[in-house]
Amino acid sequence: MVDNEVVPPENRIPYERYFEVSAVPEPGVPLHSYAYLRRLTSGVLETSPVWDAHTHVGRDRDGRELGVDGLLGDLDEYHVDGAVIFPFDDPDQGTDFRVPNDRVWAAYERAPDRLIPFMRLNPNGPWEREYQRCLDRGHRGIKLHPRAQDFLVDSPAARELFASAAADGLPVLVHTGYGMRAVSDDLAAIAEALPHLLLILGHSTFIDMPRAVAVLAPYPNVYFETSVVRAYDLFAVLDMIDPARVIYGSDLPYASSANSLHDLAVMANIAGVDTADYAGLFGGNLLRLLKLEVPGP
Amino acid sequence: MTSDDRVVLRGGHPLEVCHEVVARGLHPEHVDVDTGDRVLPLVLDDRHHLLMWIRLYSRCLAARNLFLAGAVDRCLWEIGAGLIAAAEAPCFLDEVYLAELHDLLRSAELAILAGETNIEHHGPYVAITMAENLCVSRMIRREVHADLS
């Protein structure tokens, strides 16, 4: 046995450049398995609650669909305790998303201890009545998709919606990914005007990275959700943003829990995030944001 | 020990081989692995490692952009080229990562072949983005530890 740690620095072999034994899969363990992800996350997946902030149930205009059984099956395979659920860009959305929001609620009722229902709204339509209906029923947050529903985040209707959410303590997850124009300045203005608004940036505003992290870093009420973010943008988030403001998401069913957990774990390691913060990244931050109890390890 | 001072280890699994490399104080770039049916270098040198992952990353990038441009036939061609480039691992330790990349590209290919060919289809875009991310994480790995050392 050669102790690589006691040899002179100039003679030390930099094994970590080539591999980390702790991250090399065990025999018969593929990269997309829970057994491998458990090791990659320093055991956090095993010891801390893991919650996904971005999943869809129902069906989409593009033909994709996901039911509660399929969702729970994927979560179970990777020991994800639960997920925020909200509608797709549903062909039955009408002007107010009433039908898809009912589908989400029905899914929630099948697994209320594992699913957190958000409502999806269209600020271009009569959103106020649907907002109140879902709020009264118990939806815990809002999903907005400015591209799919064709509105600007700083439009008067959207601002009114953000103000209502802030007043009622409902977090709002806004799609800030593919197909969006640069939105970080508009979102910063909203976050400043509504300091009690809890704003979750779906896909971490990758459209105007790395500027977005600099623009939005000063606002403690803005959170970065990590689904389908390119590795270099995820690095920028993990490198520059307080890890307490970074929230794991997958975008199921488009991405799998496996790939989403893997990307966040690898880039957190590369960005040098303290492993003590991993429990927050993978679920604790979301639960805290939603004022849900965070069980101890 | 071979004539050019390379060490040949017998083994079929990366974790066991890595443990032995560390235990014997071997430099990873000086190790070959005999899996029983072939002999591969444990790792590539920096230039070949970087260029392999740049090649694969560029295939993924091209495939994603062609998909978003609506050119699905060309997108499938790039995915096919990526699958070919990922099929034969040039070193032992990257084999497991290339297998994962293969799965992601194949997932995108199957979704497109099943009819997800329109820009409004999110699935192929996501699978290819995940493949891109895998390539980036492999490319940056040595650089990160060069910074720290």
Side-chain angles (χ1 to χ4, degrees), chain A residues 1-4 7 9 11-32 36 39 56 60-64 88-89 148 177-179 206 227-235 250-251 253-256 258-260 262-263 265-267 269-272, chain B residues 12-19 21-31 42-44 46 49 64 68 93 96-97 99-101 103-104 107 111 114-116 118-127 129-149:
Chain A
M1 171 70 84
V2 177
D3 189 345
N4 196 44
V7 300
N11 294 334
R12 187 180 170 280
I13 300 171
Y15 288 116
E16 61 280 1
R17 292 189 66 228
Y18 302 95
F19 56 80
E20 286 182 25
V21 169
S22 64
V24 175
E26 294 166 302
V29 175
L31 292 190
H32 55 263
Y36 177 68
R39 295 182 67 207
H56 302 264
D60 195 278
R61 291 180 195 272
D62 72 4
R64 289 277 178 135
F88 286 94
D89 191 24
Y178 183 70
F206 69 66
S227 66
V228 195
V229 181
R230 292 196 187 93
Y232 38 83
D233 291 330
L234 190 51
F235 175 84
S250 70
D251 202 9
Y254 295 106
S256 68
N259 294 129
S260 307
H262 181 270
D263 281 8
V266 168
M267 294 316 292
N269 175 268
I270 287 174
Chain B
H13 198 276
L15 184 58
E16 294 161 357
V17 171
C18 289
H19 275 307
V21 168
V22 175
R24 292 175 58 179
L26 303 172
H27 194 293
E29 288 195 32
H30 301 159
V31 173
L42 174 66
V43 297
L44 299 177
D46 284 351
H49 173 86
R64 174 169 57 83
L68 294 176
L93 208 50
V96 65
Y97 302 101
E100 192 72 14
L101 182 69
D103 286 353
L104 288 164
S107 167
E116 295 192 23
N118 186 285
I119 192 170
E120 297 302 326
H121 289 112
H122 198 43
Y125 163 79
V126 170
T129 299
M130 297 288 108
E132 276 182 61
N133 281 354
L134 180 61
C135 296
V136 171
S137 64
R138 296 306 299 161
M139 278 194 283
I140 194 176
R141 172 163 186 79
R142 293 190 185 186
E143 194 61 31
V144 168
H145 290 286
D147 287 348
L148 297 175
S149 60

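Annotation: the span from E116(B) atom CD to R64(A) atom CZ amounts to 4.0 Å, rounded to 0.5 Å. Summarising the geometry, atom CG belonging to N133(B) is positioned 10.0 Å from atom OG belonging to S260(A); distances are rounded to the nearest 0.5 Å. Distance CG/L31(A) to CD/E100(B): 4.5 Å, rounded to 0.5 Å. Put simply, NE2 on H30(B) and CD1 on I13(A) are 9.0 Å apart, with the number rounded to the nearest 0.5 Å. The distance from atom CG of L15(B) to atom CZ of F19(A), rounded to the nearest 0.5 Å, is 9.5 Å. One distance of note links CZ of R142(B) with CD of E16(A); it measures 12.0 Å at 0.5 Å rounding.
Below 30°, between 30° and 60°, or above 60°: for Y125(B) and Y178(A) the angle between ring planes is between 30° and 60°, a tilted geometry.
Ranked by heavy-atom pairs under 4.5 Å with chain B, the first of L234(A), D60(A), I270(A), V266(A) is I270(A). Counting heavy-atom pairs under 4.5 Å between each of I140(B), L93(B), D46(B), L42(B) and chain A puts D46(B) at the top. In terms of heavy-atom pairs under 4.5 Å with chain A, the best-connected choice from E132(B), H19(B), H121(B), H49(B) is H121(B). The choice from A99(B), P28(B), G12(B) that makes the most heavy-atom pairs within less than 4.5 Å of chain A is P28(B). The greatest number of non-hydrogen atom pairs below 4.5 Å with chain B, out of D251(A), N269(A), D263(A), is found for D263(A).
When heavy atoms are compared at a cutoff of 4.5 Å, E120(B) approaches chain A by way of both its backbone and its side chain. For chain A, the nearby part of V136(B) is the side chain; its heavy atoms alone come within less than 4.5 Å. Proximity to chain B involves both the backbone and the side chain of R230(A), based on heavy atoms less than 4.5 angstrom apart. Looking at T129(B), the atoms closer than 4.5 Å to chain A (heavy atoms on both sides) all sit in the side chain, from C-beta outward.
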Go through the steps to decide whether H262(A) and L134(B) satisfy the test side-chain contact (heavy atoms from CB on, under 4.5 Å), and finish with yes or no.
-> CA-CA 9 Å; H262(A) 181 270; L134(B) 180 61; 4.2 Å; yes
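Smallest separation of non-hydrogen atoms from P25(A) and H13(B): O-CE1, 2.8 Å.
Residues forming a side-chain hydrogen bond (donor to acceptor under 3.5 Å, both in side chains) with Y18(A) (at least two apart in sequence, or on another chain): E29(B).
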